[in-house]
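The structure appears right after this line, and notes come after that.
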2 protein chains.
Amino acid sequence: MTMPKRDTYTPDSLLTVAVQVFNERGYDGTSMEHLSKAAGISKSSIYHHVRGKEELLRRAIARALDHLFAILDEPEAVNGRAVDRLEHVTRRTAEVLMAELPYVTLLLRVHGNTDTERWALARRREFDQQVAALLKQAAAEGDLRADVDVRLATRLLFGMINSIVEWYRPERGTLAAREEVAEAVAKMAFAGLRV
Amino acid sequence: MTMPKRDTYTPDSLLTVAVQVFNERGYDGTSMEHLSKAAGISKSSIYHHVRGKEELLRRAIARALDHLFAILDEPEAVNGRAVDRLEHVTRRTAEVLMAELPYVTLLLRVHGNTDTERWALARRREFDQQVAALLKQAAAEGDLRADVDVRLATRLLFGMINSIVEWYRPERGTLAAREEVAEAVAKMAFAGLRV
DNA sequence: AGGGTAACCGAACGATCGGTCGGGACAAGA
DNA sequence: TCTTGTCCCGACCGATCGTTCGGTTACCCT
């Protein structure tokens with residue numbers, strides 16, 4: 001353990017506060033004044049720790065993306081039948097989404113108004129396409145029901161997973177609770193998708 | 001038919017433009033300047049047709065909510081077994097979501113920063129709860145699989161439906177295309193949910 | 001022809017936006 | 001004790017925000 005000494009802000013601890021406010025009010029709806037109130041320091045002090053509002057967004061989004069892409073490198077996502085790899089990615093994506101909730105929420109709500117936001121959208125598309133490829137392969141291997149279009153199924157699957165950010169609140173956010181939700185997601189999705 | 005004479009703006013035709021820009025840039029990320037450029041009239045002219053930015057949001061959200069609540073009054077949503085009524089509501093919600101895409105999209109992205117937005121959130125919760133009640137009844141009647149929590153299933157179902165706004169684009173938006181997507185949604189959801 | 005009004009405009013309003021600036025308080029190292 | 005650097009502040013910047021205002025068209029009705 002390294003943490004509990006600080007009573008002053010670090011870029012990361014400030015990010016924790018900022019991301020929370022961003023999610024409550026929306027990024028565009030959040031002013032530096034809002035952030036300063038929430039952090040308990042003056043507006044100008046924020047600039048001692050980070051370059052500005054957009055850097056906070058960039059840091060948050062980068063963190064979310066790092067966690068998501070790491071899933072695709074896990075052994076269970078690389079080895080085995082495509083359908084099993086897909087189910088693993090589904091479950092793990094749901095888990096990461098809950099573990100990194102505020103960061104992923106921010107990522108999922110980006111509009112593309114600035115360079116940072118467009119970069120976020122591009123990286124998200126990358127991730128989606130890699131999962132879509134997995135789903136396509138699973139379909140080609142005959143492990144998915146044939147009467148649902150692959151692209152449509154991909155989108156609905158992600159829709160279901162990503163919607164977790166709309167209601168999941170990690171109040172008593174134990175690992176077990178997250179695994180339970182991820183299990184339900186995988187069950188509902190694949191009981192409908194599997195042959 | 002009454003319409004096709006106007007080459008000037010009405011509150012409704014202006015709303016069409018505004019809602020599109022709101023969805024591209026986000027409501028908070030859209031300035032009246034943006035709207036005036038998109039509408040091709042000056043910023044001040046907008047105030048000739050509507051009271052202001054927030055009225056545009058209120059009109060858009062009201063339209064979305066009207067269409068959604070109308071579903072619950074349809075005969076197929078009132079009569080019959082709960083599970084069948086639920087499937088009807090699911091299918092119709094998906095259809096309405098596509099038919100009224102920009103308006104519903106706006107509704108689903110509200111944050112609660114103003115009175116108008118908080119009103120929107122409250123009405124949304126009403127709708128969700130009515131559907132949740134339907135799902136609960138279907139479960140009580142033994143028509144839904146028992147190994148998925150009812151509240152969780154409701155949320156995932158809505159998550160799947162609502163995620164349509166993230167990717168559906170009504171370019172060749174015929175009624176048939178919409179029915180096809182709604183059919184896929186219902187199939188995926190209920191092939192996983194039904195006993 | 002003339003009066004009324006719907007539709008529009010440029011200019012400007014006070015407020016707030018994200019960000020800058022110079023400096024004060026305080027602790028550590030010399 | 002005197003620096004040095006971290007952390008923070010109030011005051012302020014130009015730009016942009018949503019909105020208002022006074023006025024100019026252009027068309028309809030008589």
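We name chains A, B, ... by the order of the sequence lines, and we start the count at 1 in each one. Bear in mind the structure is a predicted one, so any value in this text is a computation, not a measurement.
Rounded to the nearest 0.5 angstrom, A/Glu117 CD and A/Asp115 CG are separated by 10.0 Å.
Remark: the A/Glu126 side chain and the A/Gln130 side chain contain no N/O donor-acceptor pair separated by less than 3.5 Å.
A distance-only check finds a donor-acceptor pair linking the side chain of A/Tyr9 to the backbone of A/Ala39 [under 3.5 Å].
Counting all heavy atoms, side chain and backbone alike, B/Tyr168 lies closest to B/Leu101 at O-CD2, 3.2 Å.
In this structure, B/Asn113 atom CG and D/dG18 atom P are separated by 14 Å, rounded to whole Å. To the nearest angstrom, C1' of C/dC17 lies 13 Å from CD1 of A/Ile46. If you measure from atom CG of A/Leu56 to atom C1' of C/dC17, you get 16 Å, rounded to the nearest angstrom. The distance between atom CG of B/Leu35 and atom P of D/dC17, rounded to the nearest whole Å, is 11 Å. The distance between atom CD of B/Glu33 and atom P of D/dT20, rounded to the nearest whole Å, is 17 Å. Going from atom CG of A/Asp28 over to atom C1' of D/dC17 covers 13 Å, rounded to whole Å. Note: OH (B/Tyr47) to P (C/dC13) measures 17 Å, nearest angstrom. Remark: C1' of D/dC8 and CG of A/Leu14 are 13 Å apart, rounded to the nearest angstrom.
Note on A/Ser45: every side-chain N or O is 4.0 Å or more away from OP1 and OP2 of D/dC8. OP1 or OP2 of C/dC8 has at least one side-chain nitrogen or oxygen of B/His49 nearer than 4.0 Å. OP1 and OP2 of D/dT16 both lie 4.0 Å or more from every side-chain N or O belonging to B/Ser31.
When distances run from any side-chain atom of A/Lys53 to the nucleotides C/dG18, C/dC17, C/dA7, the shortest one goes to C/dG18. Here D/dC8 is the nucleotide among D/dT19, C/dC9, D/dC8 with the atom lying nearest to any side-chain atom of A/Ile41. Checking C/dC9, C/dC17, D/dC17 against the side-chain heavy atoms of B/Ser42 singles out C/dC9 as nearest. With distances taken from any side-chain atom of A/His34 to the nucleotides C/dC17, D/dC17, D/dG18, the minimum falls on C/dC17. Of the candidate nucleotides D/dC17, D/dT19, C/dC17, D/dT19 has the atom lying nearest to any side-chain atom of B/Met32. Between D/dC17, D/dT6, C/dC17, one nucleotide has an atom nearer to the side chain of A/His48 than all others, and that is D/dT6.
In terms of polar N and O atoms assigned as donor or acceptor, the side chain of B/Lys43 never comes within less than 3.5 Å of the base of C/dG10 in a complementary pairing.
You'll find the side chain of B/Phe127 stays beyond 4.5 Å of the side chain of B/Leu65, heavy atoms only.
Residue B/Ser36 is classed as having no contact, given no heavy-atom separation below 4.0 Å to the nucleic acid. Within the nucleic acid shown, A/Ser44 comes within 4.0 Å of at least one base atom, counting heavy atoms only.
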